[in-house]
Amino acid sequence: MIYPAADLPLSVALAVAFFLLVGAALALIGAIGFLRLPTFYERLHAPALGTSWGIGGIMLASMIYFTVSSSRLVIHEILIGIFVTVTTPITFMLLARAALHRDRTARRDGVPRKYVGPEERPNPEDVSDAS
Amino acid sequence: MSAVIIYTAVAISQFMLVVAMAIAAIRMFRGPRAQDRIIGLDTIYINAMLLLVTFGIGTGRVIYFEAALVIGLLGFVSTVALAKFLMRGEVIE
């Protein structure tokens, strides 16, 4: 049974509004940083704001709202939170490795080498094979 | 009073999330290389999921939660497939 939002206590409404606004503001800040940062490897960090506490804030707001409004414990939103927390590093690390692979193949400047240190740096033709 | 607070917060956060989706779409269309476009698509997926959950809070229905879960699953799988395509040139070898 879902009650309308007018029956909620004021403190619960304030908590729900606070977590909603924090989550949405973090998602917006992440998107703005994603638009404005100059290089790809810097841009990769910005949307993680939205996927860490953006998700966390909005899921907390939803959990509080549905728990109070249906007067039983509703925490199935934690599924989305756990899933996104687990999968976001996987996608971003895969994308970063793919971008690094493409940059090394295209021999761009400013990309870290595959081998660090002069003694283990192979010949340039080996580098082109290994990358 | 509490209904006014909750509906105002839902409206403001929906506006912020839509603006975030628009910004990610700008980066997806303009992005200089393919990996920028993929991260833009991933950001759009995440923000659409958050928008669905805020719709659920605004209407008081639980059905939006399942749609948000499906969107999260699809976003993860599509981003991983696109990253694999960038890395290897094909998705299933």
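Residue numbering restarts at 1 for every chain, and letters A, B, ... go by the order of the sequence lines.
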Inset, instruction - For chain A, find which of B:M49, B:Q35, B:R88 contributes the most heavy-atom pairs closer than 4.5 angstrom. - result: B:Q35
Inset, instruction - Decide whether B:M1 and B:I12 are clustered together by the hydrophobic rule: side chain heavy atoms of Ile, Leu, Val, Met, Phe, Trp, Tyr closer than 4.5 Å, transitively. - result: no
Which pairs would a plain distance check flag for residues 76-87 of chain A, meaning a side-chain donor or acceptor within less than 3.5 Å of a matching protein atom at least two apart in sequence or in another chain?
residue	atom	partner	partner atom	Å
A:E77	OE2	A:S62	OG	2.7
A:T85	OG1	A:G81	O	2.5
A:T87	OG1	A:F83	O	2.8

Legend entry - Salt-bridge contact B:R37-B:D42 (side-chain N to carboxylate O under 4.0 Å): no
Legend entry - Engaged part of A:F92 at the chain B interface, taking heavy atoms whose separation is under 4.5 Å: side chain
Legend entry - Atom OH of A:Y41: over 12 foreign heavy atoms under 6.0 Å: yes
Inset, instruction - Look at B:R27 together with B:D36 and state whether they make a salt bridge at an N to O cut-off of under 4.0 Å. - result: no
Inset, instruction - Please flag which part of A:A96 lies under 4.5 Å from any non-hydrogen atom of chain B: side chain, backbone, both or neither. - result: neither
Legend entry - Common cluster, B:V19/B:M28, ILVMFWY with side-chain heavy-atom separation under 4.5 Å: no
Legend entry - Point-to-point distance, once rounded to the nearest 0.5 Å, from CZ of A:F40 to CG of A:L100: 10.0 Å
Inset, instruction - Name the region of A:A46, side chain, backbone, both or neither, that has any atom closer than 4.5 Å to a heavy atom of chain B. - result: neither
Legend entry - Options B:L82, B:V10, B:L73, ranked by heavy-atom pairs under 4.5 Å with chain A, top entry: B:L73
Legend entry - Options A:G23, A:A24, A:G50, ranked by heavy-atom pairs under 4.5 Å with chain B, top entry: A:A24
Inset, instruction - Among the options B:T79, B:L17, B:V80, B:L69, pick out the one with the most heavy-atom pairs lying under 4.5 Å from chain A. - result: B:L69
Inset, instruction - Sort out for me which of A:L35, A:V12, A:L44 touches chain B most, counting heavy-atom pairs under 4.5 Å. - result: A:L35
Legend entry - When A:T51, A:I90, A:L95, A:T88 are compared by non-hydrogen pairs under 4.5 Å with chain B, the top option: A:L95
Legend entry - Option in A:I55, A:L14, A:V16 with maximal non-hydrogen atom pairs under 4.5 Å from chain B: A:I55
